[in-house]
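Computed from heavy atoms alone, side chains included, the values below leave out hydrogens, waters and symmetry copies. Computed from a predicted model, the values in this text were never measured in an experiment.
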Amino acid sequence: MVMATATAVSAIVPRNRGDNFIGCYHGKIGTIGLISQCNPQKKMMTPTLPLRRRLGLVLVAKALDSSQNSSSVSGIETVTDDDFTITKVSFGSIGLVVGCALLSYGFGAYFTVLPGSEWSALMLTYGFPLAIIGMALKYAELKPVTCTTYVNAQNLRETCATPILKQVRDDVIRYRYGDEQHLEEALKRIFQYGQGGGIPRRSAPTLTTIREEVTGNGKYCLVLVFEAKALELSDFEKRQAKFASFFGPGITSEIVKGVDDLYEVCLISNTTPQSN
């Protein structure tokens, strides 16, 4: 029994450069092969492990590799954006709250429920239009998207990010009014809504989050994460050059398929710290 097990293990683990072990796992049970380049003149009966045990060895190796990669990625710290700017304030919420407060107090003072009856007319005069404007702004409001910034990417932003990449980041992390979605004009030109070779407007992708990171070769990268339930990866890949030209110059673009219906457009700056 011991000798048979040792022989089976030796059949899987290569002992020399002539033996190659090929194992692939593609989400589902994929192709697992064992290629042994031996002398064809030598005929030897070598017992092999069952497919389930060989699959287990491959899965264990993949699990160890993925755990090492996840631990290295999780080691990079993210930056919390605590800087206060006026663009991060919802004017619709301010107008609605102030207008409703003036209206409530004005009515209460007018009916002598609250003190200050002499100011009731003034509060009603200004409270009503403020509440209307606040409701209109709230209706047309487009909330900012979430931005995840890694520490090493923040250090490269000022020196390596192009002005257009900085502008794109600043535009999508603030409140906007009157736009149906973020980067609406850019997506309209890139995907050519309703035109020949384009896509229907109802199938347009939606920007959900953005991410600032550093590539493996040390370049600044702004990742735009889109949700597109009606599109395929090929719809993004054939417009990869358009993303680079629209958000350029000085960048290259890459398309990555995320989980479910998410697609990542990576805008990589060609400027490196050494060139500065």
Side-chain angles (χ1 to χ4, degrees), residues 26 62 64-83 85 87-88 144-174 176 181-192 204-228 231-276:
H26 304 285
K62 290 290 183 180
L64 291 175
D65 182 63
S66 62
S67 63
Q68 291 176 357
N69 292 336
S70 61
S71 62
S72 61
V73 173
S74 60
I76 303 178
E77 297 181 357
T78 58
V79 180
T80 304
D81 189 7
D82 296 330
D83 297 336
T85 58
T87 58
K88 297 180 181 180
V145 300
T146 304
C147 177
T148 302
T149 303
Y150 294 99
V151 176
N152 51 359
Q154 185 189 35
N155 299 332
L156 291 180
R157 184 196 304 157
E158 296 300 326
T159 56
C160 297
T162 64
I164 295 180
L165 292 183
K166 295 179 182 178
Q167 181 181 354
V168 170
R169 175 190 177 275
D170 294 338
D171 286 344
V172 300
I173 62 173
R174 67 180 179 90
R176 300 181 65 88
Q181 61 174 327
H182 292 286
L183 303 179
E184 181 179 8
E185 185 64 26
L187 296 176
K188 180 180 178 181
R189 295 187 181 183
I190 293 174
F191 287 93
Q192 298 176 334
T206 303
L207 183 68
T208 57
T209 59
I210 64 173
R211 188 172 67 249
E212 292 180 289
E213 61 186 21
V214 178
T215 62
N217 53 1
K219 293 183 178 181
Y220 174 84
C221 177
L222 180 64
V223 182
L224 309 177
V225 183
F226 293 96
E227 182 182 14
L231 300 180
E232 302 292 338
L233 179 61
S234 58
D235 296 323
F236 283 85
E237 289 179 337
K238 65 183 180 181
R239 294 173 175 85
Q240 180 175 347
K242 291 185 178 181
F243 277 102
S245 61
F246 188 88
F247 294 105
I251 68 165
T252 56
S253 63
E254 294 181 0
I255 308 297
V256 179
K257 178 66 174 69
V259 296
D260 298 333
D261 299 319
L262 298 181
Y263 301 88
E264 298 182 356
V265 178
C266 305
L267 306 178
I268 305 172
S269 175
N270 295 333
T271 306
T272 57
Q274 291 78 10
S275 61
N276 295 329

Could E185 and R189 be called an ion pair, given the rule that one side-chain N must be under 4.0 Å from one carboxylate O?
yes
Would you mind reporting whether P144 and K88 have side-chain heavy atoms less than 4.5 Å apart?
no
Beyond-backbone contact of V223 with V256, side-chain heavy atoms, under 4.5 angstrom:
no
Where is the tightest heavy-atom contact between [X] and [Y], given as atom of each residue plus distance?
X    : Y    : result
L207 : V145 : O-CG1, 3.9 Å
P205 : Q181 : O-OE1, 2.9 Å
I164 : F247 : CG2-O, 3.6 Å
K166 : A161 : CE-O, 3.5 Å
H182 : L187 : O-CD1, 4.0 Å
L231 : Y263 : O-OH, 2.9 Å

Give a yes or no on whether the backbone of [Y] and the side-chain of [X] come within a donor-acceptor separation of less than 3.5 Å.
X    : Y    : result
K238 : A241 : no
R239 : D235 : yes
D171 : V168 : no
T208 : V225 : yes
S269 : C160 : yes

From [X] atom [atom1] to [Y] atom [atom2], the distance as rounded to the nearest 0.5 Å:
X    : Y    : atom1 : atom2 : answer
K257 : E232 : NZ    : CD    : 8.5 Å
L222 : I251 : CG    : CD1   : 9.0 Å
N217 : T272 : CG    : OG1   : 9.0 Å
Q240 : I255 : CD    : CD1   : 5.0 Å
L156 : T215 : CG    : OG1   : 9.0 Å
S253 : I268 : OG    : CD1   : 8.0 Å

Take the angle between the ring planes of F236 and F226 and call it parallel below 30°, perpendicular above 60°, tilted in between.
tilted
Determine, step by step, whether T148 and T209 satisfy the side-chain contact (heavy atoms from CB on, under 4.5 Å) criterion, reporting the C-alpha distance in whole Å, the side-chain angles of both residues, the deciding distance to 0.1 Å, and the verdict.
CA-CA 8 Å; T148 302; T209 59; over 6 Å; no
Please determine which of E213, R157, E212 meets the side-chain hydrogen bond (donor to acceptor under 3.5 Å, both in side chains) test together with Y220.
E212
Kindly determine whether Y150 and E77 satisfy side-chain contact (heavy atoms from CB on, under 4.5 Å), including the steps that lead there.
CA-CA 6 Å; Y150 294 99; E77 297 181 357; over 6 Å; no
For a side-chain contact (heavy atoms from CB on, under 4.5 Å) check, start with the C-alpha distance between K242 and F191, then their side-chain angles and the critical distance, and finish with the verdict.
CA-CA 9 Å; K242 291 185 178 181; F191 287 93; over 6 Å; no
With side-chain contact (heavy atoms from CB on, under 4.5 Å) as the test, would you mind laying out the steps for R176 and E184 before giving the verdict?
CA-CA 11 Å; R176 300 181 65 88; E184 181 179 8; over 6 Å; no
Does atom NZ of K188 have more than 12 heavy-atom neighbours from other groups under 6.0 Å away?
no
